2 protein chains.
Amino acid sequence: MSGQSASLNETIRSEIAGRILSGEWPPGHRIPIELELMAAYGCSRMTVNKVLAALAAEGLIERRRRAGSFVGRQRSQSAVLDIPDVRAEVKALGLPWRMDILARSVRRSTAADRARLGEGAGPRVLALACRHFAGAPVHAIEDRLIDLEAVPEAETAEFDAVPPGAWLLSHVPWSQAEHRIAAVPADDALAGLLGVQPGAACLQVDRRTWRSGRPVTAVRMTHPGDGYSLVARFAPGA
Amino acid sequence: MSGQSASLNETIRSEIAGRILSGEWPPGHRIPIELELMAAYGCSRMTVNKVLAALAAEGLIERRRRAGSFVGRQRSQSAVLDIPDVRAEVKALGLPWRMDILARSVRRSTAADRARLGEGAGPRVLALACRHFAGAPVHAIEDRLIDLEAVPEAETAEFDAVPPGAWLLSHVPWSQAEHRIAAVPADDALAGLLGVQPGAACLQVDRRTWRSGRPVTAVRMTHPGDGYSLVARFAPGA
DNA sequence: CCGTTCAATATGTCTATACAATAATGCCGG
DNA sequence: CCGGCATTATTGTATAGACATATTGAACGG
């Protein structure tokens, strides 16, 4: 009883979703057919249809013609992982963000570059190495490759005030990405840059990004293991 | 051109989504109003409304009364992280899965236990420690706490054939969860169990699970850093 | 110049109806 | 008992119309 009358739509939706999420209707349970819901709520079929279609789009239920609608099977555990912009992330900690550019070069892409970017990589790349600080300590080392065929503007862009990741986000409209997260020991070079002991545990996030099937960028962010963690949240319903 | 005529619904949907994902309509761009789309496709308003409502539910567009519909702003980078069942994960590698139970005890929950489970933890818990093998090498150490008030059946459950995570998934209908991923060095005890050198980098995934606001379980999975990584995928549209 | 009021506009929700597509069910003949 | 065919229940898609609701932009008045 929230007092605020929601739309009929929402009322039906939350009642059904509630029963599923509470476990009252377990996976595989058959949901009343549209005609029954229609009668139960005294509304038209379109209304319940819209609700059920939305629940199906979310994956909460499955619908089969002639058979009925059923509570969805438990999906494999998955979570939404926030991979925020480095600058925003550091500022969210209340620390000043600062960035060094360690190296920057434009070159013909080597075989290794093309392997890193994946199928369809262009002939020229921009290679960038940056160091991000959160206050005094190093927050991450960024090792990035940008395909200049996919993002020609990158060649002349200044990356001194904006992290390359954020710059790309606002210049490449939409993307598909793959992330790989691993724990690795710091080698000597990395240890020096990060300010940790050689062999210290580091969290390494590799991300490859595509736009309409063509590689855009490949980046490896390496964080010192102490004092850094990724957080993911999972909520099946909404 | 698939040749197969999709529903009008799908046609409109994919045309709009295509323009957004290709970048033709950048974030913030105003989408034709329903009346215009209606005229463009020669269909009724309900049809375009359904399409736009679905796109809005997905987050691809934003709608404001009187103002119109707009291509959504770039969302903060986020990805769907698959956190599969350990057994399935090992078997997907083509390796035989095996599990040791290192310790199992039922106890009154200590302050530390309640802190680990979070607000609302019950008075009794089941503590479990397991070791998962992928072939001969150790794949992970599982250190789990189950709230017996939330899952009383767990007290008598045998966990010899099924990993506790999978057992819970099929006994606790739905969940909300929080994950924290970090790189940590192995301490001596952990190094012995995992079969790695003390100080070696390990990937540590902490997960806390709730059901309707009450804690269910808290688990820490620690993987040897070499030869293990989490993979996440990201696709804004579908 | 600023705040208030108001109407126009675009979305939000709902109805009643219609026909299409699909697949489970049952019937019938062999 | 079983294969094939017709039946029919259920969802899928679409239409035309109606009224509700929020919010912008403009007109108006102090």
Side-chain angles (χ1 to χ4, degrees), chain A residues 1-20 25-73 237-238, chain B residues 2-20 25-73 238:
Chain A
M1 303 287 176
S2 67
Q4 179 66 12
S5 79
S7 70
L8 180 49
N9 219 330
E10 265 313 307
T11 308
I12 302 176
R13 199 212 122 87
S14 62
E15 275 202 38
I16 295 177
R19 291 187 195 195
I20 294 173
W25 287 351
H29 181 263
R30 178 165 180 177
I31 286 172
I33 66 169
E34 294 186 352
L35 281 173
E36 289 168 343
L37 289 171
M38 197 175 148
Y41 289 99
C43 64
S44 80
R45 207 190 125 212
M46 277 302 292
T47 305
V48 298
N49 183 307
K50 190 175 179 180
V51 169
L52 295 181
L55 290 172
E58 262 183 70
L60 253 197
I61 70 172
E62 288 168 18
R63 314 197 72 194
R64 292 206 317 276
R65 276 180 168 144
R66 166 70 224 239
S69 304
F70 303 86
V71 176
R73 304 263 150 212
Chain B
S2 67
Q4 179 67 12
S5 77
S7 69
L8 181 49
N9 218 330
E10 266 313 306
T11 307
I12 302 176
R13 197 214 122 86
S14 63
E15 274 203 38
I16 296 178
R19 289 186 195 195
I20 295 174
W25 287 352
H29 180 264
R30 178 165 177 175
I31 287 173
I33 66 170
E34 295 186 352
L35 281 174
E36 289 167 343
L37 290 170
M38 200 174 145
Y41 291 98
C43 63
S44 78
R45 208 190 125 214
M46 275 303 292
T47 304
V48 297
N49 182 311
K50 190 174 178 180
V51 169
L52 295 181
L55 290 172
E58 262 184 69
L60 253 196
I61 70 173
E62 289 168 18
R63 314 196 72 193
R64 293 206 315 277
R65 275 179 173 152
R66 163 72 224 239
S69 303
F70 304 86
V71 176
R73 302 266 152 210

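Predicted model, so just to flag it, every value in this text is computed and none were measured. Atom set for the values below is all heavy atoms of this structure, side chains included, hydrogens, waters and symmetry mates excluded.
- Here the closest heavy-atom approach between residue B:P27 and residue B:G72 is recorded as CB-O, 3.4 Å.
- The interatomic distance linking B:I33 (CD1) with D:dT23 (P) rounds to 18 Å, in whole Å.
- Proximity of A:S69 to the phosphate of D:dT11: a side-chain N or O atom is located under 4.0 Å from OP1 or OP2.
- The shortest distance between the side-chain N/O atoms of A:N9 and the OP1/OP2 oxygens of C:dC14 is below 4.0 Å.
- The nearest whole Å value for the distance from the NZ atom in B:K50 to the P atom in D:dA14 is 7 Å.
- Looking at every heavy atom in both residues, A:C43 comes nearest to A:L8 through CB-CD2, 3.6 Å.
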Which nucleotides of nucleotides 15-22 of chain C have their base under 4.0 Å from a protein heavy atom (B), which only their sugar-phosphate (S), and which neither (-), written as one string 5' to 3'?
BBBB--BB

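- B:N49 has its CG atom 14 Å from the C1' atom of D:dA16, to the nearest Å.
- Closest to the side chain of A:R64, out of C:dA24, D:dT11, C:dA10, is C:dA24.
- Salt bridge present: A:R63 and A:E34 bring a charged side-chain N and a carboxylate O closer than 4.0 Å.
- Between A:E34 atom CD and D:dT13 atom C1' the separation is 11 Å, expressed in whole Å.
- Residue B:E36 contributes atom CD, which lies 8 Å from atom P of C:dA10 at whole-angstrom precision.
- Under the side-chain contact (heavy atoms from CB on, under 4.5 Å) rule, A:L52 has a single partner from A:L60, A:T47, A:I12, A:I16, which is A:I16.
- Between B:R63 and C:dT13 there is no side-chain polar atom (N or O) within less than 4.0 angstrom of OP1 or OP2.
- As a whole-Å value, the separation of A:F70 CZ from D:dT10 P is 10 Å.
- Summarising the geometry, the separation between CG on A:L35 and P on D:dG12 is reported as 13 Å, rounded to the nearest angstrom.
- Here the closest non-hydrogen pair linking B:I31 and B:F70 is CD1-C, 4.3 Å.
- Across every non-hydrogen atom of A:R73 and A:E62, the tightest pair is N-OE2, 3.9 Å.
- In plain terms, the two heavy atoms of A:K50 and A:N9 that are nearest each other are CD-ND2, 3.7 Å.
- A straight line from OH of B:Y41 to P of D:dA14 spans 13 Å, rounded to a whole angstrom.
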